[in-house]
Amino acid sequence: MRVGVLTGGGDCPGLNAVIRAVVRKGVQEYGHEFVGYRDGWRGPLEGRSAPLDIPAVRGILPRGGTIIGSSRTNPLKVENGIRRIKDTLARQEVEALIVIGGEDTLGVAARLSGEHAVPCVGVPKTIDNDLSATDYTFGFDTAVGIATEAIDRLHTTAESHMRVLVVEVMGRHAGWIALHSGLAGGANVILIPEQRFDVDQVCAWVTSRFRASYAPIVVTAEGAMPKDGDLVLKDGTLDAFGHVRLSGVGEWLAKEIEKRTGNEARTTVLGHVQRGGTPSAFDRWLATRFGLHAVDAVHERDFGTMVALRGTDIVRVPIAEATARLKTVDPRLYDEAGVFFG
Ligand code: F6P
């Protein structure tokens with residue numbers, strides 16, 4: 001069988017590990033042939049692909065990013081998008097697609113396989129860990145590790161100057177990175193998109209931390225929002241590509257803390273550092289296992305399914321199950337972290 005592979009959405013450490021596992025097992029055990037589509041859904045839309053054979057995937061396991069490129073192109077929003085994809089697959093004699101992506105990319109795969117008879121198998125990825133139906137997505141562990149290391153470093157400089165250090169991490173809709181790195185890094189305040197925060201309460205925690213002679217570290221997810229009345233963020237601004245920008249909460253919060261407590265504050269926005277570079281051992285392990293199981297699903301023609309982690313098992317679920325709703329932070333987990341605030 002000829003199988004197409006694509007990676008869509010924001011890149012994430014571990015994508016190459018999936019591609020390598022798919023190709024290695026698919027060629028060696030099943031004798032399938034693979035082509036890599038360039039830049040997510042844009043590849044099959046424009047018919048841009050290149051053969052993915054064993055030499056092509058040699059040495060890529062520890063490499064960040066994706067060797068086949070990625071984009072946020074959504075064919076459902078492109079004129080004749082589905083028709084063009086079907087034409088490409090027919091012309092290139094590709095019988096199945098392995099789609100590695102997050103909510104948006106997998107949403108397209110669910111529609112294509114459910115409504116348009118395009119045989120797809122999904123592999124979940126996102127550093128945000130906000131996809132339902134899987135306990136973890138690869139990329140998350142790496143991002144949490146990078147954010148934790150940054151928080152560790154910020155503690156010492158905060159202490160030296162007795163300043164407040166606000167750290168803004170990724171997570172527009174879910175606070176998983178903020179919660180995990182905040183706990184692992186010993187943050188004194190953690191703010192997540194799931195729960196609007198009260199700036200006065202944040203200032204009270206900051207002040208109590210100073211009273212105990214320590215400098216506070218505030219970890220905020222980029223999508224965290226203050227309670228109404230305090231809302232002066234650049235909410236809803238679109239960038240040149242039409243993406244909604246919610247950034248700026250860290251900067252804004254540091255200014256408010258200075259104004260309201262009289263303590264000096266600085267902001268660090270970690271941004272894409274969290275997405276780049278080599279994947280952690282856990283992410284390589286998870287991405288590799290996802291790749292091996294995805295190729296099994298293709299071989300068995302079990303289309304419309306996505307591989308997912310449940311405990312330590314890799315299972316198959318309908319792709320639509322992962323994209324139906326976002327997996328946000330359980331309030332009980334957030335409350336649990338509250339003992340360290342202030
Ligand atoms: O969805 C993954 C993610 O890294 C988010 O955490 C972040 O808000 C977004 O992508 C950034 O997207 P872009 O790289 O397109 O600016």
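Ligands are counted one by one from 1 in listed order, and the atoms in each one are counted from 1 as well.
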**OP:** Identify which of Glu103, Arg72, His173, Arg172 has a heavy atom lying nearest to atom 12 (O) of ligand 1.
**Re:**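 Nearest option to atom 12 (O) of ligand 1, by heavy atoms: Arg72.
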
Original post:
With respect to atom 5 (C) of ligand 1, which of Asp130, Asp128, Ile177 exhibits the smallest heavy-atom separation?
Top reply: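 Among Asp130, Asp128, Ile177, the closest heavy atom to atom 5 (C) of ligand 1 belongs to Asp128.
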
Numbering the atoms of ligand 1 from 1, which are under 4.0 Å from a heavy atom of [X]?
X      : value
Met170 : 4 (O), 6 (O), 7 (C)
Glu222 : 5 (C), 6 (O), 7 (C), 8 (O)
His272 : 13 (P), 14 (O), 16 (O)

Subject >> Summary of side chain to side chain donor-acceptor pair (under 3.5 Å) pairs that have at least one residue in residues 212-221, sequence neighbours excluded >> reply: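 Sorted pair list comes back empty.
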
Original post:
Could Asp87 and Arg91 be called an ion pair, given the rule that one side-chain N must be under 4.0 Å from one carboxylate O?
Top reply: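 No.
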
**OP:** Return yes when Gly171 approaches ligand 1 closer than 4.0 angstrom through a heavy atom, no otherwise.
**Re:**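 The answer is yes, since Gly171 has a heavy atom less than 4.0 Å from ligand 1.
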
Original post:
Is the closest heavy atom of Gln274 to ligand 1 under 4.0 Å?
Top reply: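 False for this residue.
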
**OP:** With the side chain counted from C-beta on, respond yes when Leu97 and Trp41 share a heavy-atom pair under 4.5 Å apart, and no when they do not.
**Re:**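 In contact.
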
Subject >> Student check: side-chain heavy atoms of Leu131 and Leu326 closer than 4.5 Å >> reply: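 No - every pair of side-chain heavy atoms lies 4.5 Å or more apart.
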
**OP:** Classify the angle between the aromatic ring planes of His180 and Phe140 as parallel (below 30°), tilted (30 to 60°) or perpendicular (above 60°).
**Re:**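 Aromatic pair His180/Phe140 classed perpendicular.
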
Original post:
Who pairs with His32 by ring pair (Phe, Tyr, Trp, His ring centres under 6.0 Å), at least two apart in sequence or on another chain?
Top reply: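 Partners of His32 under the ring pair (Phe, Tyr, Trp, His ring centres under 6.0 Å) test: Tyr30, His299.
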
